[in-house]
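First comes the structure, then the notes that go with it.
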Amino acid sequence: MNRRFFLFFLAVGLFVIGSVKAQTKVKKEVSFDKKVEILLKKMTLEEKVGQLNQYNGFWDVTGPTPKEGLAAKKYEDLKKGLVGSMLNVKGVKDVRALQKIAVEQTRLGIPLLFGFDVIHGYKTISPIPLAESASWDMDAIQKSAEMAADEASSVGINWTFAPMVDVSRDARWGRVMEGAGEDSYLGSRIAVARVKGFQGDLSSNKNILACAKHFAGYAFAESGKDYNSVDLGESTLQNVVFPPFKASLDAGVRTFMNSFNELNGIPATGNPYLQREVLKGDWKFKGFVVSDWGSIQEMKAHGFAKDDKQAAEIAINAGSDMDMESSAYVDYLAQLVHEGKVKETTVDDAVRRILRVKFELGLFDNPYKYCDEARELATVGKQEFQNEVLDMAKKSIVLLKNNNDVLPLKKSGQKIALIGALANDKTSPLGSWRIAADENTAVSVLEGLQAYKDNQLTYAKGADVALGSPKFILETKINTTDKSGFEEAITTAKKADVVILVLGEYGLQSGEGRSRADLGLPGVQQELLEAIYKVNSNIVLVLNNGRPLAIPWAEEHIPAIVEAWQLGTQSGNAIAQVLYGDYNPSGKLPMTFPRNVAQVPIYYNYKSTGRPIMNEPDSVFWSHYIDEKNTPLYPFGFGLSYSKFEYSNLKLSSQSFSKNGKIEVSVLVKNSGKVKGKEVVQLYIRDLIASITRPVLELKGFEMIELKPNETKRVTFEINEKTIEFFTANRKWEAETGDFKVFIGGNSVETLKGEFQFVK
Ligand code: BGC
């Protein structure tokens, strides 16, 4: 066939396939809606309310039937069709047993949703989300979520309470470990990758529902204290907090979770502005909103509802569709409808949203879609997952300092002293969301380094980070007294060519409810570091932590520092491969590291004050501290490599663009180092004068490139109206004309600069 004909037929073919696909999608949507309506008509008010009720796992189905107390009530409710979803039930056997009750014993046989916090893996644990975000590698992040969905779905789970897309600027807040860091652009890109990874094709039994949480403002808790009040102006809410939520929605996320905090005086759970006006109104969200754990009844403690009944009324009217573990809906909603305080149509709307998702998941066709014992057996913890989490872990590591090329380590003839309790810890790397993973299943740094046999490796603990063995729900005491291991560690260090110190936070020191007032190395670890330094300064400090730390002494004295976060099941192997140069580090910080906890919240995209710089020598009257620098210890976007990247020749295709136009900005990046390496090239802009003040810098694009030694590449970014849009004084997203600066570099500080204009 002649080429032109071929192309013509190909185009027609693709068009036909495309439109058939689109029509099938529309048909499916319509048929879901129809099915929902048919079912809804058959439901009693009580059954409708039941769909809005989510219970925490209450019954070990392999054990006896609960006979008394709350468990018995929940069990009876389940049999009466008064439960729409369960959380924290895992394992095909249990899921199947409970699903069977819902499907076979209730009047309408509506299947349950099974939710679980699959935050960074189920049994095979990936790096904590903050660490994954440091990879800036969207494909890897998406793959990690896909893998987590695959593993979790094999044990019966069909819904994860992830991704957490809260933009977080305050390292004191323990949950920064669960998010993508401080930037809304990076956070939005990561949110999309995670949503796509979890949800993929919902008709497959390898994908599960995702949940964008916590809507909204949770990370802005005053003083970094978890659950604390949040007071946020509209500009920050719209320009900073909302974008990753909106991006999740645009990527098709089916559920949202609201949050524990109050926002400007109104608890998020009972907040109609957030849930009705923005989410379901402006954004036209078609999925459903689940409350956070007990957050409906917590409105009593907030001083916003006098009892559970009023809390239920406020929450449903504000747009919270499903009640997680408060029992307020199941106990009071029907009554509230009878009393005219809640319209039945409001309940109907929530039920429709939930049923629709159940239809979409295919649960009505096969309620046991996720219940396949053989698949469960073959899937959980399989080797392929181990390889994937190892890959993700390597990509998540950030090299913060490497003076005198201490790293990579020589592979033979070296005496290496490995020091620190975390170096021999097989649980801490699993982080605080390891709820389904088994203790002691991570590869420790000690084990990882043992694979390199041609060096002599000696281990000494030095000091425990925590006293006693940390448990998920119990507070653990930090070791501030026991230094009995110092001596052995010092002796070991004295004899070594290189000392690797693994220090930081134990696994449960970050996460929910784990805010910290001190961002230094916990307990006696700083003392240990200084004591070792006195006898051998050739130190590689490997940090294990769930948040940015303030470690100015280490930055000043220690020649090599590696940020290794909590890297999950394959942690030790990933760290060893980076230390030995078998993987060239490519991570970049998704959150600013402060010098001092008092600088927090410190973030790269701050606003300029009226007095941003010292105008005269020794002037006092400018925005600064008299006892600390303004600058961070390590800036956002920062991370070194064993290669060396040089930026030059920033070019703009034009000095200005107008409506529907664009310009291109590009730079040359050269690898002037000795090894092949990856670099994340970052694009920032600054809008100089605007109707609402704009940040001094805003990330607007990035690209990861790989360069061989001496290789040079030109990296080009497009700038258009979308790039410069923000929520303006007109209270809408739009581009304002004016002057802009553009910056490109390998982090948010060391950049090449240019200028452009957006004109009418
Ligand atoms: C957390 C949520 C989580 C839920 C269910 C809450 O305490 O804030 O993020 O999904 O528990 O476990």
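As the structure lists them, so they are numbered: ligands from 1, and atoms in each ligand from 1.
Less than 4.0 angstrom separates some heavy atom of Phe161 from each of these atoms of ligand 1: 10 (O). Atoms of ligand 1 found under 4.0 Å from any heavy atom of His214 (numbered from 1 in listed order, with element): 2 (C), 8 (O), 9 (O).
By the 4.0 Å heavy-atom criterion, Arg175 is counted among the residues contacting ligand 1. Using a 4.0 Å cutoff on heavy atoms, Phe260 counts as a contact of ligand 1.
An N or O contact shorter than 3.5 Å links Lys213 to ligand 1 by distance. Between Asp117 and ligand 1, a contact under 3.5 Å exists for at least one N or O pair.
Side-chain atoms of His214 and Asn258 include no donor-acceptor pair closer than 3.5 Å.
Side-chain rings of Trp283 and Phe245 stay apart, their centers remaining 6.0 Å or farther from each other. In this structure, Phe161 has its ring center at least 6.0 angstrom away from the ring center of Phe116.
At least one side-chain heavy atom of Asp226 sits less than 4.5 Å from a side-chain heavy atom of Tyr218.
A distance-only check finds a donor-acceptor pair linking the side chain of Glu325 to the backbone of Asn56 [under 3.5 Å].
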Derivation and outcome, ring pair (Phe, Tyr, Trp, His ring centres under 6.0 Å), residues Tyr185 and Trp136: CA-CA 11 Å; Tyr185 176 82; Trp136 295 54; 8.8 Å; no
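Residue Glu512 holds the heavy atom nearest to atom 7 (O) of ligand 1 of all those in Glu512, Met164, Met257.
Of the protein's heavy atoms, Asp292 OD1, 2.9 Å lies nearest to atom 6 (C) of ligand 1.
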